[in-house]
Amino acid sequence: SEDIPIGTIIRTDPESGEKARKGSSVTLFVSQGQERYLIPSDLVGKDPSEAISALEALTLVVSGTNEVFDDSIPIGKVVGTEPAGGTTVEQKTPVTLLVSKGPVLVDVPNVVGMDVTTATSTLQAVGFQVVIENKLAVAILNKVYSQNPAAGSKAPKGSVVTLEIV
């Protein structure tokens with residue numbers, strides 16, 4: 001019961017005021033306290049429809065979804081819930097699904113014409129990994145000739161920018 005503390009007698013059988021024979025059984029109904037439900041913590045990586053079914057099976061209400069950036073969970077899959085998995089809540093508590101919209105997209109800076117060290121530092125400072133390819137057999141100028149992806153585009157944080165140097 002949501003209103004009666006745990007351990008309190010709720011009712012009896014036979015009911016209060018009824019007569020019973022001496023030595024007959026009386027059944028006591030005792031409150032188990034407030035009913036609580038554990039939000040599953042194994043929803044991460046599942047399709048939202050699977051997560052919704054699991055939550056509704058526990059009589060929890062899915063109040064909606066929020067898209068969040070996530071570097072490791074694929075786009076469209078569940079990242080978590082609000083309240084978080086492992087939290088104990090009342091029946092019919094609204095739960096929001098957090099769904100991945102993939103990694104954060106970062107603007108790719110223009111590093112063409114920079115020396116390799118400066119270009120590498122610039123790209124790493126905004127979260128990119130750098131791969132260097134020599135356009136010639138020997139890099140004479142040690143300058144960036146081209147980059148991929150191109151400057152001004154957006155790429156996932158942590159992805160690779162390839163620099164061709166001359």
Side-chain angles (χ1 to χ4, degrees), residues 1-6 31-137 139 141-166:
S1 169
E2 290 294 314
D3 303 321
I4 300 172
I6 191 167
S31 173
Q32 294 179 341
Q34 298 175 329
E35 192 169 10
R36 295 292 178 256
Y37 298 87
L38 183 66
I39 296 177
S41 53
D42 64 350
L43 301 177
V44 174
K46 293 189 176 183
D47 286 324
S49 60
E50 288 179 73
I52 289 168
S53 294
L55 292 167
E56 288 177 345
L58 296 172
T59 69
L60 298 172
V61 178
V62 178
S63 60
T65 60
N66 283 343
E67 289 189 334
V68 295
F69 289 110
D70 192 278
D71 295 336
S72 58
I73 305 297
I75 293 172
K77 300 292 183 179
V78 174
V79 172
T81 57
E82 288 178 353
T87 304
T88 304
V89 296
E90 293 178 15
Q91 183 179 18
K92 297 187 180 175
T93 294
V95 178
T96 302
L97 281 182
L98 304 176
V99 178
S100 176
K101 57 181 179 178
V104 173
L105 295 179
V106 180
D107 290 323
V108 179
N110 184 7
V111 295
V112 172
M114 292 182 182
D115 65 82
V116 174
T117 304
T118 304
T120 300
S121 296
T122 300
L123 291 166
Q124 288 174 340
V126 292
F128 292 110
Q129 298 178 49
V130 178
V131 171
I132 297 168
E133 295 178 354
N134 288 331
K135 184 147 177 73
L136 308 172
L141 302 174
N142 215 26
K143 299 254 183 208
V144 177
Y145 172 77
S146 69
Q147 68 182 70
N148 185 22
S153 62
K154 289 189 179 285
K157 188 174 186 174
S159 64
V160 173
V161 175
T162 303
L163 304 178
E164 283 189 332
I165 61 169
V166 292

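If you read the sequence from its start, that first residue is 1, and numbering goes on from there.
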Distance-minimising heavy-atom pair for [X] and [Y]:
X      : Y      : value
Val89  : Leu60  : CG2-CD2, 3.6 Å
Leu38  : Gly86  : CD1-O, 3.1 Å
Ala51  : Val78  : CB-CG2, 3.9 Å
Thr93  : Glu90  : OG1-O, 2.6 Å
Ser100 : Pro74  : CB-O, 3.3 Å
Ala119 : Val144 : CB-CG2, 3.6 Å

Hey, does the side chain of [X] reach the backbone of [Y] with a donor-acceptor pair shorter than 3.5 angstrom?
X      : Y      : value
Gln129 : Gly158 : yes
Ser53  : Ser49  : yes
Ser121 : Thr117 : yes
Thr59  : Gln91  : no
Thr122 : Thr118 : yes

State whether Lys143 and Asp115 are salt-bridged, where the test is any N-O pair (Lys NZ or Arg NE/NH1/NH2 against Asp/Glu carboxylate O) under 4.0 Å.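 A salt bridge is absent here (no side-chain N lies under 4.0 Å from a carboxylate O).
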With the threshold set at 4.0 Å, does a side-chain nitrogen-carboxylate oxygen contact exist between Asp71 and Lys157?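 No, this pair does not count.
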To the closest 0.5 Å, what do you measure between [atom1] ([X]) and [atom2] ([Y])?
X      : Y      : atom1 : atom2 : result
Leu97  : Thr81  : CG    : OG1   : 7.5 Å
Glu133 : Asn148 : CD    : CG    : 9.0 Å
Glu50  : Asp42  : CD    : CG    : 10.0 Å
Leu105 : Asp107 : CG    : CG    : 9.0 Å
Asn134 : Ile165 : CG    : CD1   : 4.0 Å
Gln147 : Thr162 : CD    : OG1   : 10.0 Å

[X] side chain near [Y] side chain, heavy-atom distance below 4.5 Å:
X      : Y      : value
Thr65  : Leu98  : no
Phe128 : Pro109 : yes
Val104 : Pro156 : no
Glu82  : Asn66  : yes
Lys77  : Asp47  : yes
Pro94  : Val62  : no

Show your reasoning for whether side-chain contact (heavy atoms from CB on, under 4.5 Å) applies to Leu163 and Val131. CA-CA 6 Å; Leu163 304 178; Val131 171; over 6 Å; no
I would like to know whether Val116 and Ile132 meet side-chain contact (heavy atoms from CB on, under 4.5 Å); could you show each step before the answer? CA-CA 8 Å; Val116 174; Ile132 297 168; 3.3 Å; yes
Is there a donor-acceptor contact under 3.5 Å linking the side chains of Ser72 and Asp70?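 Yes, because at least one side-chain N or O of Ser72 sits under 3.5 Å from a partner of the opposite role on Asp70.
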Kindly determine whether Leu55 and Ile39 satisfy side-chain contact (heavy atoms from CB on, under 4.5 Å), including the steps that lead there. CA-CA 7 Å; Leu55 292 167; Ile39 296 177; 4.2 Å; yes
Has Tyr145 got more than 12 heavy atoms of other residues, nucleotides or ligands less than 6.0 Å from its OH?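 It does not: Tyr145 OH has 12 such atoms or fewer within range.
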Given side-chain contact (heavy atoms from CB on, under 4.5 Å), test Val68 with Val99 step by step and report yes or no. CA-CA 6 Å; Val68 295; Val99 178; over 6 Å; no
